[in-house]
Amino acid sequence: MADTLPRVAGKLTADAPLAPLVWFKSGGTAQWLFEPKDLADLQQFLRDLDPVVPVMALGLGSNMIVRDGGVTGVVVRLGKAFAKVTASTGLTLDCGGGASGILVSSTARDNAIAGLEFLRSIPGTVGGFVRMNGGAYGGEVKDILVDCDVVLRSGELVTLPVADLHYTYRHSELPEGAIVVAARFKGRPGEPAAIQAEMDRISASREASQPLRSKTGGSTFKNPEGQKAWELVDKAGCRGLQIGGAQVSEKHTNFLINTGDATSADIEALGEEVRRRVKDNSGITLEWEIQRVGKK
């Protein structure tokens with residue numbers, strides 16, 4: 001494969017460790033890690049890359065288990081060129097796919113745009129939460145997204161309106177191998193002070209209820225219809241449960257944490273054990289919210 005990779009203007013790294021790039025701080029390497037210089041660099045690379053080579057986007061790695069065997073193909077990570085957020089007309093923000101939820105919500109505040117405060121609490125990038133229909137504290141991406149720019153696996157750039165993503169809970173029908181490079185979010189008129197107060201409330205709530213100082217992956221399981229995943233996990237007796245270096249958080253039972261030396265296999269096995277116990281206890285099968293990628 002090495003001989004067939006296209007030339008790039010950005011940075012291409014072979015056998016790149018992914019553990020430092022994900023919140024769990026575990027897992028193997030990417031066969032190739034590509035950090036494109038700009039949109040044209042990304043398009044050209046994908047256009048010239050052998051179509052059989054798999055491509056995966058990586059944002060802040062907050063909602064992901066990279067398995068210990070690593071990821072085959074190319075992992076694309078959008079850098080500074082894709083991390084800008086600017087106010088447009090009509091209460092709309094133009095956001096790069098690599099921009100953080102914190103930057104988006106802060107820019108909205110500075111431009112008196114309300115309704116985007118919940119993005120303050122999603123630890124990821126625009127690309128990640130557009131793909132996953134990220135949500136928290138009563139808001140979801142589907143409520144604010146106008147459209148998004150996506151580079152398809154072929155290198156073609158297309159703009160998809162929100163309706164084309166067919167959003168459901170924590171899921172979209174974004175094409176396989178597609179990379180979200182930009183998105184437009186629309187809010188409503190607001191007062192910067194009130195917007196900041198809501199962001200502060202959300203931050204304080206997260207700090208109080210979630211293990212933010214730990215190596216974690218965010219919410220592990222989707223909330224089943226009419227239920228809360230953390231309650232089901234707690235009722236199944238899993239609070240504090242450990243496998244190897246992986247543990248169910250004592251603070252919030254829908255979070256798994258790496259206590260120090262957990263492998264990705266430990267973390268995934270713990271998640272599966274929690275799912276088994278919840279099924280035995282309540283009859284409910286929990287679905288993973290965290291993406292699990294790569295080879296075991």
Side-chain angles (χ1 to χ4, degrees), residues 21-25 58-64 78 80 82-87 91-145 169-170 183 185-223 228-231 233-234 239 247-259 289-291:
L21 305 181
V22 298
W23 277 38
F24 271 126
K25 300 293 180 247
L58 173 66
L60 292 184
S62 56
N63 201 232
M64 180 177 284
L78 303 181
K80 285 199 174 76
F82 298 87
K84 299 180 181 69
V85 178
T86 55
L91 302 170
T92 303
L93 293 181
D94 290 328
C95 308
S100 69
I102 291 175
L103 179 59
V104 175
S105 56
S106 301
T107 308
R109 174 203 62 210
D110 295 346
N111 289 278
I113 300 171
L116 278 66
E117 295 89 346
F118 74 94
L119 293 178
R120 169 71 183 79
S121 68
I122 303 179
T125 59
V126 166
F129 45 73
V130 165
R131 174 177 287 281
M132 293 285 291
N133 187 22
Y137 298 94
E140 282 186 301
V141 165
K142 71 174 178 60
D143 304 327
I144 58 170
L145 183 68
Y169 175 59
R170 301 293 175 270
F185 294 133
K186 183 167 186 174
R188 57 178 190 272
E191 288 293 325
I195 293 167
Q196 182 61 53
E198 174 64 3
M199 286 163 62
D200 290 345
R201 183 191 72 77
I202 287 170
S203 292
S205 176
R206 278 189 81 222
E207 187 70 46
S209 66
Q210 299 176 12
L212 301 181
R213 304 274 171 261
S214 305
K215 291 182 278 194
T216 182
S219 294
T220 306
F221 304 109
K222 299 177 182 181
N223 289 322
K228 288 190 162 52
W230 76 264
E231 284 183 347
V233 174
D234 211 13
R239 186 180 291 264
Q247 181 182 30
V248 176
S249 170
E250 302 263 7
K251 193 171 186 180
H252 191 314
T253 50
N254 198 24
F255 282 65
L256 304 182
I257 56 177
N258 177 355
T259 61
E289 181 170 325
I290 288 179
Q291 276 185 288

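Every heavy atom of this structure was used, including side-chain atoms; hydrogens, water molecules and symmetry mates were not.
- Nearest heavy atoms, Val85 versus Ala99: CG2-CB, 3.6 Å.
- Using a 4.5 Å heavy-atom threshold, the side chains of Asn258 and Trp23 count as separate.
- Residue pairs meeting the ring-ring contact (aromatic ring centres under 6.0 Å, His included) criterion with at least one partner in residues 100-130, sequence neighbours excluded, are absent.
- Residues satisfying the salt bridge (Lys or Arg N to Asp or Glu O under 4.0 Å) criterion with Glu140, sequence neighbours excluded, are Lys142, Arg170.
- Taking all atoms of both residues into account, the shortest heavy-atom contact from Trp230 to Arg239 is CZ3-NH2, 4.2 Å.
- The shortest non-hydrogen separation linking Gly98 to Thr125 is O-CG2, 3.6 Å.
- A salt bridge links Glu198 and Arg201; the closest N-O separation between the charged side-chain nitrogens and carboxylate oxygens is under 4.0 Å.
- With contacts defined as side-chain heavy-atom distances shorter than 4.5 Å, the pair Ile144/Leu119 qualifies.
- Checked by atom type and distance alone, the side chain of Thr216 pairs as donor or acceptor with a backbone atom of Leu256 at under 3.5 Å.
- In Lys251, the NZ atom is crowded: over 12 heavy atoms of neighbouring residues, nucleotides or ligands sit closer than 6.0 Å.
- When side chains are defined from C-beta on, Met64 counts as touching Leu58, because their heavy atoms get closer than 4.5 Å.
- Nearest heavy atoms, Ala136 versus Ser121: CB-OG, 3.3 Å.
- Distance OG/Ser209 to CZ/Phe255: 7.0 Å, rounded to 0.5 Å.
- Atoms CD and CD, on Gln291 and Glu289 in that order, are 10.5 Å from each other to the nearest 0.5 Å.
- Judged as a side-chain hydrogen bond (donor to acceptor under 3.5 Å, both in side chains), the pairs with a partner in residues 96-113 (not counting sequence neighbours) are, in order, Arg109-Gln196.
- Here the closest heavy-atom approach between residue Arg206 and residue Leu212 is recorded as NH2-CD2, 3.2 Å.
- Across every non-hydrogen atom of Leu78 and Gly97, the tightest pair is CD1-C, 4.1 Å.
- Within the 4.5 Å cutoff, the side chain of Ser203 has no heavy atoms near those of the Glu117 side chain.
- Atom CZ of Phe221 and atom CD1 of Ile290 lie 7.5 Å apart (nearest 0.5 Å).
- At least one donor-acceptor pair under 3.5 Å links the side chain of Asn63 to the backbone N or O of Gly217.
- Rounding to the nearest 0.5 angstrom, the gap separating the CZ atom in Phe185 from the CG atom in Leu93 is 8.5 Å.
- Around atom CD of Glu250, more than 12 heavy atoms belonging to other residues, nucleotides or ligands sit under 6.0 Å away.
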